[in-house]
Amino acid sequence: MCGIVAYIGNKNCRDILINGLKRLEYRGYDSAGIGILAPKTAPKSSDPGYEIKVIKEAGKIKDLEKLLSDMDFDGTVGIGHTRWATHGVPNRANAHPHFDCHGEIAVVHNGIIENYAEIKEELVKKGHKFISDTDTEVLPHLIEEYLKSEADGKLLIAMQRLLKKIRGSGAIVALSLKHPDEIVAGRIASPLIVGVSKEGNFFASDMPAVLEHTHHFVIINDYETVRITRDDIQIYDLEGIIIQRDPFRVNWTLESAEKSGYEDFMLKEMFEQPYGIRETMRGRITDGVFHFEEINLSEEQIRNLKKIQIIACGTSYHAALTGKLIIEKWAGIPVEVDISSEYRYRDPIVDRDCLFIAITQSGETIDTLAAIREARKKGAKVMAVTNVVGSTIARESDSVIYTHAGPEIGVCATKTFTAQVIVMYMIGLFLARIKGTVDETVYEKIIEELEIIPNKVQQILNNAGHIKKIADETYRHTCFLFLGRIYGFPMSLEGALKLKEISYIHAEGYAAGEMKHGPIALTDTRTIVVGVIPQDFVYEKMLSNLQEVKARNAKIFALITEGDKNTAKYADYVFEIPKTREELYGILAVVPLQLYAYYIAKNLSRNVDQPRNLAKSVTVE
Ligand code: G6P
């Protein structure tokens, strides 16, 4: 949600900024802009000798590129931004950068300034004029005020004052005509990193933005301010005390953040799932036993666990629901699952004998972050499950289990989801072994099965053409109902979420047993019912539910266990899923559902990587 790239160095920054913004497109945005510090051709003696050139446009970065194509827009210091509208519609005036009264200070910002209205009022009284509807515009004007007074002309001090003044969230980056050898930034709650290279330094919202220039990064924490120059970075707290922090190296390759011949990132990422699952398990099973050093609890503490609390948003919430089923079944520990945005405001009872797990692919979701802060304040020990090393939630948790799915660029979570689900299976089994709640031979059999799950996912992917055919025949339907029971239920929710996210078709995920309490009223010839119906202990109940909707003229697409001839008799379309243990069926069922959503969306010519209105990491409430 909003993306920032900034550069100061010895290279021309125009392409660095544009390419960096393109790599942040996955975060979701609706307008973009860049500003550079350009030497004036004939400066007057009183001039700083520079001007800030700016170009902004509603729409996509390619629209910005068109405008840039025949412009002289060169310089070695610049800032860029993709905006996801919160205050004010997506248009050129509201796009970033925003300026002070004299066009001398340019600011880009990711986040929300909650007290912007009162700040604006104060500034208007002092004679400041505003030209946009954004909250961000108060920031360059505030910096202008501070530079005149308390900050004594120093840009970094102005940034420190500003962070003390604002409420809300923000990664804020500022460029000033009168400070041509530095860019400064500050952070409250929105992600901000510094990229370090021999040819200059960078600010960015996320590492892929500058991965082609450097693999060395420094993470910026809340209430820190930073000055980058061509060959140095300095981090300070709000009182101006310097903070020492060395860069660390990331191993992600540029290729892993590119499409590698696939039509879309989403398609590529779905096909990377066998790898992501395998990588996430790698090194955690030795001699047939799970090792989970990240779970920072002694065996005795595990045996005494009274409860596990899991929180998450979006797709991660569906991994959490799977976690509940598995942990309760195998380890016999009660698990409560909450949506983060509900948890943080519902005044939860936090039990110190409880293990608290936050699941988040990005590690930046604002509601999940706020929820873990709330829980930790009340004494909980938080364990994060995330895909992004060094993300805010990873750093603010007591322990972290990393999924190793590799960078996920498509807005829809696919490979990070199956990696989360495999972590849920591993946690369940790990706890069960210590508690002695799963028989040793069953434990071994589950591990054997987990080890071949990636092959089974591959088998499903090899059959993607069959799913495409079903999508080609059904994409014109206007109502989709996804039904499942027990292990199939979270996947029904996920299948419906995927479909609505990228096709914009109305879809509902439901526990099949709830169907008669409402959704059955929707079923007629326009409806496709997608039934997740493995041959498990609720198979017959699911079959009855599918027959009931069939009797009401809905078309049925059933995900069946291979060889299930019986369901095939009732369904209009079937896709066979390899046999597995019933508890593990979910991770296999979700893959055809992802593919189905993808091919329907492609039939409708949707942008699957950047669906409208959505963002990869939701950093505002
Ligand atoms: C956004 C993304 C979803 C994701 C959700 C939660 O809505 O588009 O794909 O599931 O945020 O994100 P998290 O990073 O916390 O898993």
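Computed from heavy atoms alone, side chains included, the values below leave out hydrogens, waters and symmetry copies. Only a predicted model underlies this, so the values are computations on that prediction, with no experimental measurement involved. Order of appearance sets the numbers: ligands from 1, and atoms from 1 within every ligand. All residue numbers refer to positions in the sequence shown, counting from 1.
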Give yes if a backbone or side-chain nitrogen or oxygen of Q420 is under 3.5 Å from a nitrogen or oxygen of ligand 1, and no if not. no
At a non-hydrogen distance cut-off of under 4.0 Å, which region of V618 contacts ligand 1 (side chain, backbone, both, or neither)? side chain
Distance-only donor-acceptor check, side chains Q309 and D338, under 3.5 Å: yes
Can you find a non-hydrogen atom of V411 under 4.0 Å from ligand 1? yes
Compute the minimum heavy-atom distance from C313 to ligand 1 and say whether it is under 4.0 Å. yes
K602: what forms a side-chain hydrogen bond (donor to acceptor under 3.5 Å, both in side chains) with it, not counting sequence neighbours? E263, D264
re atom 4 (C) of ligand 1, the protein heavy-atom contact at minimum distance is Q361 NE2, 4.0 Å
Ligand 1 versus A312: contacting region, heavy-atom distance under 4.0 Å: neither
Check the angle between the aromatic planes of H87 and Y116 and answer parallel, tilted or perpendicular using the 30° and 60° thresholds. perpendicular
Side-chain donor-acceptor pair under 3.5 Å between Q594 and E494, yes or no? no
Lys/Arg-Asp/Glu bridge criterion (N-O < 4.0 Å) met for E65, K22: yes
Whether the S31 and K60 side chains hold a donor-acceptor pair (N or O, under 3.5 Å, no angle test) is what I'd like checked. no
Looking only at protein heavy atoms, which one is nearest to atom 16 (O) of ligand 1, and how far off is it? S316 OG, 2.5 Å
Which residue and heavy atom of the protein sit nearest atom 1 (C) of ligand 1, plus the separation: A615 O, 3.3 Å
Among all protein heavy atoms, pick the one closest to atom 15 (O) of ligand 1 and tell me residue, atom and distance. T365 OG1, 2.5 Å
Can you list the ligand 1 atoms lying under 4.0 Å from a non-hydrogen atom of A413? 9 (O)
Ranked by distance from atom 14 (O) of ligand 1, the top protein heavy atom is S362 OG, 2.6 Å
Among all protein heavy atoms, pick out the one at the shortest distance from atom 10 (O) of ligand 1; state its residue, atom name and that distance to 0.1 Å. T315 N, 3.0 Å
Closest approach of T365 to C313 (non-hydrogen atoms, all atoms of both residues): CG2-SG, 3.7 Å
Under 4.0 Å to a heavy atom of T360 - the qualifying atoms of ligand 1, by number: 13 (P), 14 (O), 15 (O), 16 (O)
Carboxylate-amine/guanidinium contact K616 E501, below 4.0 Å: no
Polar contact flag, side-chain donor to acceptor under 3.5 angstrom, E294-S399: no
Answer with side chain, backbone, both or neither: which part of E364 has a heavy atom less than 4.0 angstrom from an atom of ligand 1? neither
